[in-house]
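Structure first, then comments.
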Number of protein chains: 2
Amino acid sequence: MFRALVLEDQTLMRLALMNEVQASVGKCVVLGAETLNIATVELQNDHFDLVVIDPGLPGFDPTSQNDRIAVVDRIIEASPGAIHVVVTGSDNPCEADGFRRIGAAAYVGKTGLAPGVFSNVLDDISNKGFSLRLSRAVMTKPDYRFSALTPREQEAIDMMARRAPGVKRTAIFSLMADRLAIAPGSAEKYYKQARAKLMRQGHRLPRGL
Amino acid sequence: MFRALVLEDQTLMRLALMNEVQASVGKCVVLGAETLNIATVELQNDHFDLVVIDPGLPGFDPTSQNDRIAVVDRIIEASPGAIHVVVTGSDNPCEADGFRRIGAAAYVGKTGLAPGVFSNVLDDISNKGFSLRLSRAVMTKPDYRFSALTPREQEAIDMMARRAPGVKRTAIFSLMADRLAIAPGSAEKYYKQARAKLMRQGHRLPRGL
DNA sequence: CAAACTAGGGATGGGAGCATCCCTAGTTTT
DNA sequence: AAAACTAGGGATGCTCCCATCCCTAGTTTG
């Protein structure tokens, strides 16, 4: 059984990262630790295949490069057999190199870390040995979340709202079909159903319908 | 229709916060913005009832108190009719007071912000006018996440694993029944089913079964 | 004009998870 | 000894979501 550990103090982020790991790996156990102490205890008692680390922990100086390195270094030494992914909110190329030197397999900025990206990070590690994903703000429109929609319907609205200008709706339906592994007709159905729901409830729709 | 906006640059955290808002409010629309610009545009075009803000945005100096105040101030002035909740990773009581003075209704540290807490924050605002939740690390054991379990089963395992020493299992079943609004017998069922699944797969169970 | 894209709607079967109720049997506590 | 806690298991009905297929009809585009 594949075993992973996520060390991150912010609860919602820790749970989200645990979800990402689970979605990427498939059958597995994921442990979440809020503090370095909890993580250290677990690493002593069990073997882990993957460890995700946010070095910005409470009790350490966030501006001190030494503290950040020390946290990751302790984890890597405590789990020599694992793959180590560093995830941070304040990322920069210089620090990435520092972590790489002490044995980390990936350095990921939180801003660009969207659902599904973690899987690509693991692919990078398999293929190239190291994955570097620095943050950059790329959104130009907001995300929309409607409580009345099912997950599938929400996805359909999301993808359509992000459509580049000039792209046909049918092209989006094909893309959705591809990503979700369903028939294009079904994708079309979800989108239309979602749109109809929102209209019925009197919503102002996002630009691009 | 209740309308909310979440301004947060970290994608996973933004999505998690949007979920929390949705779970707390019920029927609503939630927009997520990665940058101050996107948020400003939306606030100009529409009315919002609730705005959640992380002042630690890229392009601003995270150590500059002025920058952090400025971000929140711009948002509050752009949405006078909304309730404003400030969420931050680096929280301190002094800053909380600063935000309160310029009109924020809540100041919440990310470390203590677990699923369900946001709902309590909104309750505080209704009852007392202001909500203050500073971060503090309280976990003593890690979270466990097993991919083979359904959400209900996972919840059952979670609550049992967090059981204080000396507390009877039946007490936990009653507590679960209360929180999930189900019969204690059902709670018991979920726990036993979950435990049996893990045993069958040869897992080492967390302490406390 | 023909073809393709647009916007709706109805019907159907399958599967997963939820919630409940009922059963046996060993161990511990009172 | 009786009562309660422990640990399993089986069966059932319900709801929601997923995925598919089929239908009409207006508008664009080649």
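Here is how names work: the chains are called A, B, and so on, in the same order as the sequence lines, proteins then strands, and each is numbered from 1. FYI, side chains are in, hydrogens and waters are out, and symmetry mates aren't considered; it's all heavy atoms of this structure.
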Can you find a side-chain donor-acceptor pair between A:Thr88 and A:Arg68 that sits under 3.5 Å? yes
Given atom CE of B:Met160 and atom C1' of D:dT6, what is their separation to the nearest angstrom? 11 Å
Rounded to the Å, how far apart are A:Ile172 CD1 and C:dA7 P? 13 Å
With sugar-phosphate taken as primed atoms, P, OP1 and OP2 and all else as base, the protein-contact string of nucleotides 9-30 of chain C at under 4.0 Å (heavy atoms; B, S, -) is BB------SSBB----------
Cationic N near anionic O, under 4.0 Å, A:Lys110 to A:Glu8: yes
Between A:Gln154 and A:Tyr144, is there a donor-acceptor pair closer than 3.5 Å when you use the side chain of the first and the backbone of the second? yes
Check whether any side-chain nitrogen or oxygen of A:Thr170 sits under 4.0 Å from OP1 or OP2 of C:dA4, and answer yes or no. no
A:Phe173 CZ to D:dA19 C1': how many Å, rounded? 16 Å
To the nearest 10 degrees, how far apart in direction are the end axes of the helix from C:dC1-D:dG30 to C:dT30-D:dA1, each fit to five base pairs? 30°
Note: B:Asp158-B:Arg163 ion pair, threshold 4.0 Å (strictly below): no
For B:Ser79 and B:His47, test the side chains for any donor-to-acceptor distance below 3.5 angstrom and give the result as yes or no. no
Check the side chains of A:Arg204 and B:Asn45 for a donor-acceptor pair under 3.5 angstrom, ignoring hydrogens and angles. no
Identify whether the distance between the nearest side-chain nitrogen and carboxylate oxygen of A:Arg3 and A:Asp46 falls below 4.0 Å. yes
Interatomic distance where CZ belongs to A:Arg169 and C1' belongs to C:dG8 [whole Å]: 13 Å
Would you say B:Arg100's side chain and B:Ala104's backbone share a donor-acceptor pair under 3.5 angstrom? no
